[in-house]
Amino acid sequence: MSRLAQTHGLTDIQQEILSTVRDFVDKEIIPVATELEHRDEYPTQIVEGLKELGLFGLMIPEEYGGLGESLLTYALCVEEIARGWMSVSGIINTHFIVAYMLKQHGTQEQREYFLPRMATGEVRGAFSMSEPALGSDVSAISTKGVKVGAEYALTGQKMWLTNGGSSTLVAVLCRTDEGHPEGTAPHKSMTTFLVEKEPGFGEVRPGLTIPGKIEKMGYKGVDTTEMILDGLRIPANRVLGGTTGRGFYQMMDGVEVGRVNVAARGCGVAQRAFELGVSYAQQRHTFGKPIAQHQAIQFKLAEMATKVEAAHAMMVNAARKKDSGERNDLEAGMAKYLASEYCKEVVEDAFRIHGGYGFSKEYEIERLYREAPMLLIGEGTAEIQKMIIGRRLLEEYRFQG
């Protein structure tokens, strides 16, 4: 185990789970990650291995066939997986958000129908909120769900679906004006629909098209797509929770735990960057000695390690706060903001330590350098996190005058 980013107070079961995941990462992910990433190839064998480990059902309750573990356990597993290859943690994350939303907000029938198959990885989840013109303004959603008899017809265009092609279940946020008079606040007229589909690209069911993968700078291997809805018919029993108008709150609850996940990914990538940097610094010689013995490099390593520790501690705090049942939007926002920013800085410092070799595709740090920027925008930009943090601080420290 690394000396950095230790988590105190874990149970024997948690420690055993993390040890198993770390061993899997070291043996099955790190040796092949860079090659698969350069080919932009979906990591099928890795995903099958994660299924066997039970990670697709890590937080799904035991009554539905899952392991019933905490958000903290899940976040620590994600940290380990991202240390191996961030794209793999993305495959797990969107699945996890949908399973979490079903567990927290689904009807009993919806939970019984989906969760056992999600626990085994037979059903794989994707999460769809963003749109081409949306950005951070969720209230501007234009995809609509219109009641037609006992069904809803969904029409619109969605963007940035992680697992868009490989998933078989997508939680889709739409605007539903039915039952919500004109002038209703936008966030009160949104509904989450549970859309089942076949994996693949093209028209995956009547009225639903998944175009090909979006070409990205990094975060390769995992399929990121658009989704086009053209009068897609969905039965009313596939409204998450059975009632329209609650979609915004359901999605924000999912995003909140997703932010802990993104923080964990940032911690994992930063840890790997530090490992690569401190290892290379002891192998590379200049002026007659390893560069690790130069004070300038030692200063860099000290700063990198401190950032890894700080980000990990804040991520653990946010996960534990959520597990306690308390509101954690402040802690999750802080953790996501700090971990993603520190990840970028630690990766860049490791890149600098590698010198010209860091620019070569033969070295792993090149991949990390392209992956880290995604964390700056995933699950809300730094600016969005600071807005959330600022508003919550003003609630906590309201001036009494």
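This one's a predicted model, so the numbers in the text were calculated from it and none came from an experiment.
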**Message:** Going by salt bridge (charged side-chain N to carboxylate O under 4.0 Å, His left out), name the residues that satisfy it together with Arg391, two or more places apart in sequence or in a different chain.
**Reply:**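 By the salt bridge (charged side-chain N to carboxylate O under 4.0 Å, His left out) rule, Arg391 matches no residue at all.
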**Message:** Can you pull out every ring-ring contact (aromatic ring centres under 6.0 Å, His included) where at least one residue sits in residues 311-342? Sequence neighbours excluded, please.
**Reply:**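 Found none.
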**Message:** I'd like to know if the side chain of Glu275 pairs up with that of Ser279 as donor and acceptor (distance under 3.5 Å, no hydrogens or angles considered).
**Reply:**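 No - no donor-acceptor pair under 3.5 Å links their side chains.
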**Item:** Pair listing, side chain to side chain donor-acceptor pair (under 3.5 Å) test, anchored in residues 350-362, at least two apart
**Value:**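 Listed by first then second residue: Glu348-Arg352.
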**Asked** Hey, is the main chain of Thr168 close enough, under 3.5 Å, to the side chain of Glu198 for a donor-acceptor pair?
**Response**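 No; zero donor-acceptor contacts below 3.5 Å.
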**Prompt:** Does any non-hydrogen side-chain atom of Leu376 lie less than 4.5 Å from one of Glu341?
**Reply:**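 Yes - at least one pair of side-chain heavy atoms lies under 4.5 Å apart.
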**Request:** State, yes or no, whether a side-chain contact exists between Phe24 and Ile81 at a heavy-atom distance under 4.5 Å.
**Result:**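 They are not in side-chain contact.
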**Prompt:** Does a salt bridge link Arg370 with Glu366, judged by any charged N lying under 4.0 Å from a carboxylate O?
**Reply:**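 Result for this pair is yes, salt bridge flagged.
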**Salt bridge flag under 4.0 Å for residues Lys322 and Glu331** =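 So Lys322 does not pair with Glu331 through a salt bridge.
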**Message:** Just checking Lys27: does its NZ atom have more than 12 heavy atoms from other residues, nucleotides or ligands closer to it than 6.0 angstrom?
**Reply:**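 Incorrect, the count does not exceed 12.
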**Name of the residue among Arg117, Glu112, Lys103 meeting side chain to side chain contact (heavy atoms under 4.5 Å, CB included) with Tyr64** =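 It is Glu112; the other options fail the test.
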**Message:** Name the residue from Tyr42, Trp85, Phe96 that meets the side chain to side chain contact (heavy atoms under 4.5 Å, CB included) definition with Ile91.
**Reply:**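 Testing Ile91 for a side chain to side chain contact (heavy atoms under 4.5 Å, CB included) against Tyr42, Trp85, Phe96 leaves exactly one candidate, Tyr42.
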**Request:** Determine, for Tyr113 and Arg238, whether the Lys NZ or Arg CZ falls below 6.0 Å from the six-membered ring centre while staying within 45 degrees of the axis.
**Result:**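 The answer is yes, since Arg238 meets both limits relative to Tyr113.
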